Amino acid sequence: MIRKFLSIFSNPRNLIPIIATVAVVSGLVAALLSPPDLRMGNLVKIMYPHVASAWLAFVAFIVTGVGSAGWLISRRMHFDHTAVASAEIGVMFTAIAVLTGMIWGQPIWGTPWHWGDARLTSTAVMFFVYVGYLALRRATTDPYIRARRSSVLGIIAVVQVPIVYFSVTLWRTLHQGFTVRPDGINLSGSMVFTLFFNVAAFSLLYIALSSARTRLAAREAEVYQEEGQTAGSVVTAPSLEAGR
Amino acid sequence: MKRFWAQAGRITLRDLLIEGRAGEGLAIILPFGVLALLVIPLATDASATLLSNLAAPIFWLITLVFGIQIAFRQSAAETATQRRMLTMLGLDPVARFVGRSLSSGIILLIFLLVLFPIMLALFQPEVEVGLLRVLPDTLLYVSGLAMLGTLIGDISSGLRNRTALAPLLSAPLAIPLVMGASQAMLGSGQEDGILTWTILLGLSNLLIAVVSVLTARTLEEAAL
């Protein structure tokens, strides 16, 4: 049993998910142990998963856009598999970013949702754009046609990323401005470390999840190729060799 | 170039002819839009102050929802056979996109022109609307929504759940258009400029047009 357990670690494919899980758990523990903020107190601890989730969502949607453009240019299915893997992860982490933002907003603003917060509102819009992207993919079974349709939407949808990112400067908003700026970081030393550790841990988690989902998407396409044959294609000429 | 515009013009005329016969946009969706303008005051207890404040956003919201319906009207949907025939006849996919966007835009503009005075009469908006100042923004809104509707219609063409899926795909992407048009209308009667909103509408139009033109051939292949 112990040998079986240890064999998990010997497979290089399992290493990234294991390291990512350990890193995310460590990051969350570090967030819990981090010092309270002068004004927000312990509520600041929700910032770590919130910022890391939002960062991961941005990365995931940019990869979806790049994958979509890559498919349109090269017609290689690998790009489409990468795009869908990233979109699914992005939707999940956008939902986490919005939810943690709402939980954070309740004690800070006195309400979980404030229309004066352009970042929160634009993130919610981005979420629905990509929910639509996934719904479009579900509506088509043929992998090639699905890639054709969704790659166009993947390119249009990626415009949401800069809109959400720069929403804190484009509109008057309740959301705080950029924490990391060219002239310095608006946080104390241990908080900066915890924040960057969480961002790195969530990035590792993204790599682990997206590589697993990309492999699954490739396998799904293979199964479609095997099972999606036309009626009658299984009927072949009798082989005289078979009886001997 | 002349051939391109001739093709686009023929597609527009064909779509308008079908609309004239089927009347889906102007005989069904338009009365439904007017009905929605009547239902909203009843749902809000007909509070004159509230309705007067919300007049512009409600108007643009209704044009968005019903504009999407106009763009995805069943009578404008082509079957794979029809598209195959048009492709074999040598129709340029971009000309087809331009033609279809133009026809949807014309129907949408008529929809807006009918709905606007009704909204003024029913909601009596508090803000002064500068009609001439808001006209370019309205045209940009109409063209943006028509192009977006055509693009999403092409992306979802032939799908069984197209009527449910297409609004989900287009509504979040149309938000900059609604924001721009609504804010331009609210600011048109005031001293403040509405240039920011015109730029937003213009950029949205440009983006949709560029993506649509670049991907027209790919989507044409997907629909066949």
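The chains referred to below are lettered A, B, ... by the order of the sequence lines, with proteins before strands, and numbering in each begins at 1. Just so we're clear, the structure is a prediction, and the values are computed from it rather than from any experiment.
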Using non-hydrogen atoms only, which part of A/Arg75 is less than 4.5 Å away from chain B: side chain, backbone, both, or neither?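 Side chain only.
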Side chain, backbone, both or neither: which part of A/Tyr144 has an atom under 4.5 Å from a heavy atom of chain B?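 For A/Tyr144, no heavy atom lies under 4.5 Å from chain B.
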Enumerate the residue pairs fulfilling side-chain hydrogen bond (donor to acceptor under 3.5 Å, both in side chains) with a member in residues 55-72 of chain B, sequence neighbours excluded, ordered by first and then second residue.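 The answer is B/Thr63-B/Tyr141.
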Option in A/Ser150, A/Ala135, A/Ser151 with maximal non-hydrogen atom pairs under 4.5 Å from chain B: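 If we count pairs closer than 4.5 Å to chain B, A/Ala135 comes out on top.
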Among A/Val152, A/Val125, A/Leu72, which has the most heavy-atom pairs under 4.5 Å with chain B?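 Most heavy-atom pairs under 4.5 Å with chain B: A/Val152.
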Would you say the ring centers of A/Trp55 and A/Tyr206 fall short of 6.0 Å from each other?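 Between A/Tyr206 and A/Trp55, which both carry aromatic rings, the centre distance is not below 6.0 Å.
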Aromatic ring pairing A/Phe61/A/Tyr130, orientation class (parallel under 30°, perpendicular over 60°, tilted between):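 The arrangement is parallel - the two ring planes meet at less than 30°.
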Side-chain donor-acceptor pair under 3.5 Å between B/Thr218 and A/Arg148, yes or no?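 Absent: no donor and acceptor within the cut-off.
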Sole residue of A/Val59, A/Leu209, A/Val98 in side-chain contact (heavy atoms from CB on, under 4.5 Å) with A/Phe93: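 Among the candidates, only A/Leu209 passes.
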Using only non-hydrogen atoms and a strict under-4.5 angstrom cutoff, which residues of residues 164-172 of chain B touch chain A?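 Within residues 164-172 of chain B, the residues under 4.5 Å from chain A are B/Leu165, B/Leu168, B/Leu169, B/Pro172.
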How long is the span from the OG1 atom in A/Thr123 to the CD atom in A/Gln160, to the nearest 0.5 Å?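 If I round to the nearest 0.5 Å, the distance is 10.0 Å.
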What verdict does the side chain to side chain donor-acceptor pair (under 3.5 Å) test give for B/Thr12 and B/Ser103, after you've listed the backbone C-alpha separation in whole Å, the side-chain angles of each residue and the deciding distance to 0.1 Å? CA-CA 5 Å; B/Thr12 308; B/Ser103 62; 5.5 Å; no
Spell out, as yes or no, whether a donor-acceptor pair under 3.5 Å connects the side chain of B/Gln82 to the backbone of B/Thr79.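 Answer holds: yes.
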What part of B/Ile155 lies closer than 4.5 angstrom to a heavy atom of chain A: side chain, backbone, both or neither?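 Answer is both: backbone and side chain atoms of B/Ile155 are under 4.5 Å from chain A.
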